[in-house]
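All values derive from a computational prediction rather than experimental measurement. Labels below follow one simple rule: chain letters A, B, ... track the order of the sequence lines, proteins then strands, and each chain is numbered from 1.
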Number of protein chains: 2
Amino acid sequence: MSTAKNNKPTESELEILGILWEKGSGTVRDVHEILEKSKDAGYTTTLKLMQIMHEKGLLKRDTSSKTHVYEAAISRESTQQQLLNKMINTVFNGSASQLVLQALGNHHSSQEELDKIKQYLNEIEQQQKK
Amino acid sequence: MSTAKNNKPTESELEILGILWEKGSGTVRDVHEILEKSKDAGYTTTLKLMQIMHEKGLLKRDTSSKTHVYEAAISRESTQQQLLNKMINTVFNGSASQLVLQALGNHHSSQEELDKIKQYLNEIEQQQKK
DNA sequence: CATTTGTTACGAAAATATTCGTAGATCAAT
DNA sequence: ATTGATCTACGAATATTTTCGTAACAAATG
């Protein structure tokens with residue numbers, strides 16, 4: 001369906017995707033400046049990575065102006081789901097709720113977030129009663 | 001602290017850890033036979049991987065008999081947490097509860113598991129009220 | 001005891017991922 | 001128009017991960 005999707009992003013590629021999902025879109029320099037804060041690599045390294053990602057179909061780009069503008073070509077949600085599935089299977093022995101417990105345990109969540117989760121749990125239960 | 005821990009497991013290494021966490025311990029052949037079901041690699045490949053993992057301190061081994069017996073040297077929980085943290089930061093933009101919702105959404109969880117999560121949520125809320 | 005089978009050790013090839021140097025293009029400012 | 005800054009393209013070097021062939025040895029089998 002989508003023109004590309006078979007390539008799973010590497011570690012570095014995920015970092016770039018994360019940035020673009022947040023920003024919506026951006027130039028190589030935009031991305032690089034954010035990346036620099038947490039990572040130590042040169043500009044052309046980021047450039048090359050983003051070019052590769054474009055080839056793979058992970059990024060779209062607008063080349064109408066000299067400075068190209070990139071955005072993610074795969075959705076955050078589907079990528080999240082794909083990574084979660086693999087993680088659940090390999091490390092959590094297939095148990096999604098085990099992952100949930102572990103995630104809740106060591107991260108501080110606001111009351112609002114907890115409520116959202118509870119509400120969601122209720123919805124799931126309602127569905128299952130049917 | 002621990003004799004080793006600085007080396008984060010690679011993709012393949014995680015698969016082996018997952019197997020050993022389940023089994024408790026096992027020989028190369030034990031692990032390989034399970035691995036084979038989902039992966040296509042030779043016996044010596046698995047052997048080599050486990051030897052490397054032992055060097056890195058990811059596995060312990062008992063060499064008292066000819067056929068060595070391995071077990072995980074790092075805990076499932078700490079590894080899970082480490083992976084979750086990275087995933088939350090790069091892909092879920094720092095929101096643990098976003099990860100939780102996504103995980104609950106697309107995986108079927110039993111009523112029992114859902115109850116456990118709810119109970120856990122309540123405990124967290126109690127703590128926060130203090 | 002010779003042969004087959006199963007095991008570890010080891011080195012190195014192959015495959016992937018990451019990094020960067022350099023060249024050429026474009027554009028803005030002198 | 002020359003200079004300087006910034007950008008893309010591209011190739012290649014590095015680094016990392018994965019894979020496997022081969023040798024050596026031990027144990028079991030005939």
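In this structure, the nucleotide among D:dT8, C:dT18, D:dA9 sitting nearest to the side chain of A:I52 is C:dT18. Among the nucleotides C:dT8, D:dT8, C:dT19, the one closest to the side chain of A:Y43 is D:dT8. Listed candidates were D:dT18, C:dA9, D:dC7. Nearest to the side chain of B:H68 is C:dA9. Minimum atom distance to the side chain of A:K66 is reached by C:dT26, of the listed D:dT19, C:dT26, D:dA12. Here the side chain of A:A41 is nearest to one of D:dT19, C:dC20, D:dA9, namely C:dC20.
Between A:R29 and D:dT6 there is no side-chain N or O to OP1 or OP2 distance below 4.0 Å. Dashed line: the shortest gap from a side-chain N or O of A:S12 to OP1 or OP2 of C:dA17 is not under 4.0 Å. Phosphate proximity of C:dA9 to B:Q51: present, with a side-chain N or O under 4.0 Å from OP1 or OP2.
To the nearest 0.5 Å, atom CD1 of residue B:I117 and atom CG of residue B:L104 are 5.0 Å apart.
Among the protein residues, A:T10 comes within range of the sugar-phosphate backbone only, with heavy atoms under 4.0 Å from sugar or phosphate atoms but none that close to a base. Within 4.0 Å of A:T45, counting heavy atoms only, lies at least one base atom of the nucleic acid. At the heavy-atom level, B:T44 lies under 4.0 Å from base atoms of the strands shown.
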Practice task
Give the dot-bracket string for DNA chain D, reading 5' to 3', where a pair is Watson-Crick or G-U wobble with both distances under 3.5 Å, ( ) marks pairs inside the strand, [ ] marks pairs crossing earlier ones, | marks a partner on another strand, and . marks unpaired.
Solution key: ||||||||||||||||||||||||||||||

Practice task
Verify side chain to side chain donor-acceptor pair (under 3.5 Å) between A:T79 and A:K8, making sure each step is shown before the conclusion.
Solution key: CA-CA 9 Å; A:T79 307; A:K8 70 166 178 230; over 6 Å; no

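For B:K48 against D:dG21, a side-chain-to-base donor-acceptor contact under 3.5 Å is absent.
Side-chain contact check for B:Q102 and A:E77: no donor-acceptor pair (N or O, by modelled atom type) lies under 3.5 Å.
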